[in-house]
2 protein chains.
Amino acid sequence: IEWPRMCGPVRGAIMGAIVHEGWADTPETARTLAEGGGISFAPCHHHGAVGPMAGILSPSMPVIVVENASGGNHAFATLNEGLGKVLRFGAYSAEVLDRLRWMAETLAPALGQALRARGPVDLKTITAQALQMGDECHNRNVASTSLFTRMIAPALCRTAAPEVAAKILEFLEGNNHFYLNLSMAACKAALDSAHGIAGSTVVTAMARNGVEVGVRMSGTGDRWFTAPAVVPDGLYFPGYGPDDANPDLGDSAITETMGIGGFAMAAAPAIARFVGGTPDDALGYTRQMYGITLARNSDYGIPALGFAGTPTGIDARRVIDSGVAPVINTGIAHREAGVGQIGAGIARAPLACFAGALGELGRRLGLAR
Amino acid sequence: IEWPRMCGPVRGAIMGAIVHEGWADTPETARTLAEGGGISFAPCHHHGAVGPMAGILSPSMPVIVVENASGGNHAFATLNEGLGKVLRFGAYSAEVLDRLRWMAETLAPALGQALRARGPVDLKTITAQALQMGDECHNRNVASTSLFTRMIAPALCRTAAPEVAAKILEFLEGNNHFYLNLSMAACKAALDSAHGIAGSTVVTAMARNGVEVGVRMSGTGDRWFTAPAVVPDGLYFPGYGPDDANPDLGDSAITETMGIGGFAMAAAPAIARFVGGTPDDALGYTRQMYGITLARNSDYGIPALGFAGTPTGIDARRVIDSGVAPVINTGIAHREAGVGQIGAGIARAPLACFAGALGELGRRLGLAR
């Protein structure tokens with residue numbers, strides 16, 4: 001997507017990232033630079049990466065590297081900034097840029113050093129545990145972030161200066177969404193290894209740029225099948241409502257593509273209240289998703305469903321046959337740059353994306369024109 | 001209880017504690033000392049304290065201090081040693097004693113320093129969160145321990161030497177039961193403030209010494225109403241069975257007395273499998289406990305029951321009227337000193353304890369002889 005069609009939060013995040021990179025001194029000159037065509041844009045997915053909400057990843061930002069041991073591939077994600085005024089919701093104030101600098105100069109190098117000292121963290125195990133602890137690893141990441149912090153803390157104490165370690169542990173204590181980006185990169189790494197299977201109707205990516213929703217299917221190559229993004233159905237922070245909301249936004253639907261997030265709502269009844277629903281609604285979403293997926297992931301058991309596995313492997317045919325669109329748990333950003341999060345809710349990936357993918361597969365197989 | 005009637009794990013823990021205190025050089029001479037009447041014994045509860053399983057608390061052991069802000073009282077507990085060969089299951093090998101020494105000399109002072117630096121930790125909030133994260137805060141404490149670790153880690157980095165902080169954080173990483181003793185002391189502090197209300201039939205303590213189960217009721221003073229302890233119904237580690245098991249043991253039933261633990265099984269479906277049952281059994285236990293309690297604790301919501309509060313305030317009259325005995329989640333110790341944990345299961349507090357308490361209250365009120 002190019003600047004003229006971009007939504008407010010993406011523009012805001014780009015302005016912030018340009019200042020962060022030192023390509024402009026102020027958000028205003030950054031806007032002029034971007035408007036004038038001085039910046040090249042590409043989807044995170046085209047660089048093996050994912051980013052939540054606005055999802056802006058600029059060259060000097062540190063990334064998480066998730067290795068898919070069985071697939072032999074890897075994926076990247078930014079580090080999560082926390083809630084409030086943050087780049088991923090389109091904010092670009094001094095506070096946002098200061099945090100980005102601290103993350104690049106202090107947080108990421110120290111975490112990297114600690115990780116190298118202790119060895120890699122097994123994200124699949126953390127996600128599996130967290131699904132038994134009320135997280136769905138998209139909009140609720142309290143358990144996973146706590147488990148990750150507990151695992152990394154000893155090495156951090158040994159490799160970082162005490163005050164640096166303390167500041168990082170305070171940041172992790174205050175950021176219940178830190179694990180989101182790790183979860184997303186893990187999902188991306190797993191799904192990429194399912195991509196490119198001839199004739200396969202398994203969905204390997206769902207992403208939203210705030211204007212359109214795009215879907216990739218395993219058997220139809222790198223092409224995105226798109227449809228207009230809609231405003232999620234959700235709850236708003238005081239003073240905001242649907243008229244203020246940006247349409248559905250971010251790469252984080254990679255979690256639903258992998259069968260967690262909204263697909264695992266039954267594991268996270270507390271999130272149902274946050275996005276406007278009851279624990280019974282949460283069970284209902286997961287049960288419905290069993291109808292459009294090919295398997296249950298036996299590594300990811302859901303306690304409230306007798307430890308049944310998460311609904312995994314969206315089959316575009318089942319989506320179209322049933323008319324049941326994949327459910328996505330999502331934050332809601334203000335439609336204007338610089339404001340930030342104003343709510344959270346439920347979105348559905350448009351059926352047209354899946355119909356488009358199946359049509360293309362039909363053409364490739366010579367079954368349709 | 002005096003030495004001749006004590007069960008194996010309690011004897012083993014006493015032998016270990018005697019060596020830990022330096023009152024004897026070997027477990028064997030410790031046994032001789034205890035057998036000969038050289039040691040005075042008293043229940044933890046008589047000193048405002050609680051200890052899980054064998055529950056031995058000797059003079060030089062550090063304790064957690066939990067303040068009940070609204071009640072103005074406080075309670076103590078030992079620090080949790082972890083699983084495996086540990087004093088509370090009656091083990092007294094060199095490894096056990098080395099750990100006790102490290103806990104007294106390093107762990108407790110460092111945690112105390114960190115706590116004084118950051119200010120007190122709000123245990124009620126941790127328990128409330130953990131109940132939404134699959135813990136029942138008796139036999140499952142993964143979430144609560146992780147949350148506690150995340151809260152204390154920054155201050156620990158600032159106040160302890162890096163290698164000391166790292167070792168402590170490793171200990172907390174490896175001990176998913178660390179929060180148990182904090183949970184127990186918090187329950188004790190809350191229940192003590194409900195004790196001593198004239199005419200009240202609310203149960204304020206349930207405790208087991210491996211030979212008898214004792215119950216205290218608010219309106220019957222300091223007297224314990226006892227009945228023989230039975231072997232819990234549960235699952236055993238490979239190579240062990242009910243014949244190896246010690247009858248029900250420990251002060252940890254203070255958690256059930258407060259409405260968590262077995263009473264909050266619905267919040268912890270994963271524990272149902274650990275003690276031999278299904279998530280439906282877990283829901284059933286909590287639902288049954290609503291029938292013998294006076295209130296639902298609105299601070300402790302259970303997601304799987306639509307955030308209904310935990311069943312709180314056991315009414316001895318309801319227990320006797322319904323014949324439904326309070327359920328207790330418990331570890332199972334080997335009946336011989338020095339072996340340790342061999343399983344986990346469900347026990348029921350004997351009805352005779354509650355009948356005894358009601359009979360005494362009747363006598364006090366002049367309603368019965």
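Just so it is clear, the values below take in all heavy atoms, side chains as well, and ignore hydrogens, waters and symmetry mates. Letters go in sequence order (proteins before strands), and every chain restarts at 1. Small disclaimer: the values here were computed from a predicted structure and weren't measured.
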Any residues in residues 111-135 of chain B near chain A, with a heavy-atom distance under 4.5 Å, and which are they? B/R118, B/Q129, B/Q132, B/M133, B/G134
Heavy atoms, side chains only, cut-off 4.5 Å: are B/R158 and A/L169 in contact? no
Tell me, for A/T278 versus chain B, whether the close heavy atoms (under 4.5 Å) come from the side chain, the backbone, both or neither. neither
Nearest non-hydrogen partners of B/P162 and A/C157, listed with the distance: CB-O, 3.5 Å
Going from CD1 on A/I152 to CD on B/E173, what distance comes out if it is rounded to the nearest 0.5 angstrom? 9.0 Å
Bottom line for A/V142: the part with an atom under 4.5 Å from chain B's heavy atoms is both
Do any of residues 262-274 of chain B have a heavy atom less than 4.5 Å from a heavy atom of chain A, and if so, which, in residue order? B/P269, B/A270, B/R273
Would you name the heavy atoms of B/G306 and A/P279 that are closest together and state the gap between them? CA-CG, 4.0 Å
B/D233 atom CG: more than 12 heavy-atom contacts under 6.0 Å: no
Do the side chains of B/R150 and A/R150 get nearer than 4.5 Å, heavy atoms only? no
